[in-house]
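Residue numbers count from 1 along this sequence.
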Amino acid sequence: MFLIPKTLCHDLQQIMNMFWWGKGINHERGIHWMSWDRMSQPKFVGGLGFKKLREFNVAMVGKQAWNIVTNPSSLVARLIKARYFPDANFITARLGSNPSYFWRSIWEAQSVIKAGMCWKVGNGQQIRVWEDPWIPNLPSSWVQTSQPVNSQVNFVHDLMINGFWNLPLLRSIFSMEEQQAILSIPLPRFAASDRLIWKLEPKGQYSVKSVYKFLTNIGDGVVGVLQLVRKEDQAMVVMICWALWQARNDVVWSSKWSSPAAVVYRARTILYDWCNARHVDDSSSDAVPAPPPLHFWVPQLQGFLKANVDAAVFPDGFIGVGGVLRSYDGSFVGACQHRLLGYFSPKTAELIAIREVLSWIKRLGYDQIVLESDALTVVKALLSSSTSDFSSFGSLVDDCKSLIAEMNSVSVSFVPRSANSVAHLIARAASTISDRIEWLSTPPQLIVHALMLDFQI
């Protein structure tokens, strides 16, 4: 709740340091083989995991500040506002001429809150375009473009039309960077209010860990990149870095240039040799796994329809959605293909695809469905009972769950890409259409061959 003075934090850290390096019963002064800055780094970067007390204290105090910002109707928040910033908000509040120790402590976390807070767009009616942080993919989350003279755009809701972003209006107001960042924000299909979230956490909830990491800049450089990569891909990232270093040395010392494809090929070769060498030396280690066996489409029980869904991300700012519906005996029932505007990540695109296909199936009147997707993360999110994801991704999950709840019986399961080939073909081909297409009873020529292959298995 209160901020510990810097001098006290420094003295406490000195005591901890002396205790660690001291020798004997009386802890006489020993040789300090490592600086405190390095000792306070996490173990995975070579430190010992000690906490920097000042930064950790600010992160703890920030939690109280976050509660004031996100719960303005609470008694404590109303008292603090009435006393210290009656005509402003916490982000713009000043320390004042005679602050209490409590207010000085909370106010110290203001810059941290400003760096991590962001509005999650729902209906856009509460978010001010020019004054609030609402674009998470921008470094500051605030719009940098100046407000045009006589502009009628004041709230984010003014940038939407029929539940979608108004692209001509965005192009007339914002820079290209801001347009792409705005178009990467998925809009919910069901009524949802705007909400403040913590953008330093994937699920949008404030955490002391994320703030401490932000204040100490933990995770910079290659180690930070590896933290963002799936565990099974980390070895490949390291080998690519090594191959890039070798390519750099070839240029500097031998004037020998390598193409990007050659660098990647070298990295793959080194990784393959390294994994197999480990396998020879240590039979318990994991060698390069053999290619997984192919999985094929499997018919569903009588009375249910099987829906396969996939998405494709195109570099021009659109995504493709593909869905195919088949009966228990493998016969074609229907298919849909959409091309939607947005610079979305693959994970978000897959979730939007499931939402669009579920909406299409509901319009057709079917309500006993087995839905399959090759996006494991998305399937796990839909099967999870957690309600603590406040991010935009969480809003899309809620949209899909609402659609599922309105239907009689819908189950969601994961299948490999080889068992989802028809939906994949439809999604990839969406780059050539302008809006959406659907087929009923008769399949398009695009997927006839793939349907026949699935039917023959």
Could you tell me if the side chain of [Y] sits less than 4.5 Å from the side chain of [X], heavy atoms only?
X	Y	value
I369	M407	yes
F56	T216	no
P443	W439	no
W119	S141	no
V333	Y366	yes
M60	V211	no
N67	Y206	no
E438	L440	yes

Compare every heavy atom of [Y] with every heavy atom of [X], then report the nearest pair and how far apart it is.
X	Y	value
L200	G116	CG-CA, 4.1 Å
I426	C336	CG2-O, 3.4 Å
I354	C400	CG2-SG, 4.1 Å
P168	N166	CD-OD1, 3.2 Å
P133	S140	CB-O, 4.5 Å
F390	G204	CD1-O, 4.3 Å

For [X], what residues pass the side-chain contact (heavy atoms from CB on, under 4.5 Å) criterion, not counting sequence neighbours?
X	value
F164	R189
K256	D250, S254
Q110	F90, A93, W107
L403	F190, R355, L358, S359, K362, E406

Rounded to the nearest 0.5 Å, what separation is found between the [atom1] atom of [X] and the [atom2] atom of [Y]?
X	Y	atom1	atom2	answer
D399	I352	CG	CD1	9.5 Å
L169	S151	CG	OG	7.5 Å
D11	M16	CG	CE	13.0 Å
L159	L167	CG	CG	11.5 Å
I113	I91	CD1	CD1	6.5 Å
N17	L12	CG	CG	12.5 Å

If we count only N and O atoms by modelled type, under 3.5 Å, do the side chains of [X] and [Y] hold a donor and an acceptor together?
X	Y	value
W198	S207	no
S395	D398	no
Q144	S175	no

Report the residues that fulfil side chain to side chain donor-acceptor pair (under 3.5 Å) with T70, sequence neighbours left out, ordered by chain and then residue number.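 T70 satisfies side chain to side chain donor-acceptor pair (under 3.5 Å) with no other residue.
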Run the side chain to side chain donor-acceptor pair (under 3.5 Å) test against D194 and tell me which residues pass, sequence neighbours left out.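 Per chain and number, D194 pairs via side chain to side chain donor-acceptor pair (under 3.5 Å) with no residue.
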May I ask you to check whether over 12 heavy atoms, not counting those of [X], lie within 6.0 Å of atom [atom1]?
X	atom1	result
Q368	CD	yes
R38	CZ	no
K63	NZ	no

For Q180 and M176, what are the C-alpha separation, side-chain angles and deciding distance, and is it a side-chain contact (heavy atoms from CB on, under 4.5 Å)? CA-CA 6 Å; Q180 294 183 2; M176 180 59 68; 3.9 Å; yes
Do we get K51 above Y212's six-membered ring, with its NZ or CZ under 6.0 Å from the centre and within 45° of the axis?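 Flagged: K51 positioned over aromatic ring of Y212.
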Measure from NZ or CZ of R326 to the centre of the six-membered ring of F332 and say whether it is under 6.0 Å with the direction within 45° of the ring axis.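 The answer is no, since R326 fails at least one limit relative to F332.
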Test item: [X] side-chain N/O and [Y] main-chain N/O as donor-acceptor pair under 3.5 Å:
X	Y	result
N71	I68	no
K81	A88	yes
N57	L53	no
D310	N420	no
E178	T145	yes

Measure up the Y84 and W103 rings against each other and bin them: parallel (under 30°), tilted (30 to 60°), perpendicular (over 60°).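 It falls in the parallel class, under 30°.
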Listed partners of D316 passing salt bridge (charged side-chain N to carboxylate O under 4.0 Å, His left out), at least two apart: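 Applying salt bridge (charged side-chain N to carboxylate O under 4.0 Å, His left out) to D316 gives R339.
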Taking only residues two or more places apart in sequence, or in another chain, which ones meet R128 in a salt bridge (charged side-chain N to carboxylate O under 4.0 Å, His left out)?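 Partners of R128 under the salt bridge (charged side-chain N to carboxylate O under 4.0 Å, His left out) test: D132.
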Can you tell me which residue pairs pass the ring pair (Phe, Tyr, Trp, His ring centres under 6.0 Å) test with a partner in residues 130-153, sequence neighbours excluded?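 For residues 130-153: W130-F174.
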Going by the side-chain contact (heavy atoms from CB on, under 4.5 Å) test, name the single residue among M160, H157, R195, Q126 that passes it with V121.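 The passing option is M160.
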Where do N89 and T92 land on the side-chain hydrogen bond (donor to acceptor under 3.5 Å, both in side chains) test, with the steps shown first? CA-CA 6 Å; N89 56 51; T92 58; 3.1 Å; yes
Residue pair E108, R54: steps toward the salt bridge (Lys or Arg N to Asp or Glu O under 4.0 Å) verdict: CA-CA 11 Å; E108 186 71 23; R54 176 68 178 186; 3.6 Å; yes
Could you walk me through whether F314 and I319 satisfy the side-chain contact (heavy atoms from CB on, under 4.5 Å) test, starting with their C-alpha distance in whole Å, then the side-chain angles of each, then the deciding distance to 0.1 Å, before giving a yes or no? CA-CA 6 Å; F314 305 125; I319 65 169; 5.6 Å; no
Could you give the side-chain donor-acceptor pairs of residues 343-350 under 3.5 Å, partners two or more places apart or in another chain?
from : atom 1 : to   : atom 2 : distance (Å)
S345 : OG     : T348 : N      : 3.3
S345 : OG     : T348 : OG1    : 3.0

Which residue pairs satisfy the side chain to side chain donor-acceptor pair (under 3.5 Å) criterion with at least one member in residues 377-392, sequence neighbours excluded?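 Qualifying pairs: S386-S388, D389-S391.
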Please step through side-chain contact (heavy atoms from CB on, under 4.5 Å) for the pair W165 and V156, ending with a clear verdict. CA-CA 10 Å; W165 292 114; V156 172; 3.8 Å; yes
Step by step, work out the side-chain contact (heavy atoms from CB on, under 4.5 Å) result for I106 and Q64. CA-CA 7 Å; I106 297 295; Q64 308 303 323; 3.7 Å; yes
Report all side-chain donor-acceptor pairs from residues 257-264 shorter than 3.5 Å, counting only partners two or more places apart or in another chain.
from : atom 1 : to   : atom 2 : distance (Å)
S259 : OG     : A262 : N      : 3.2

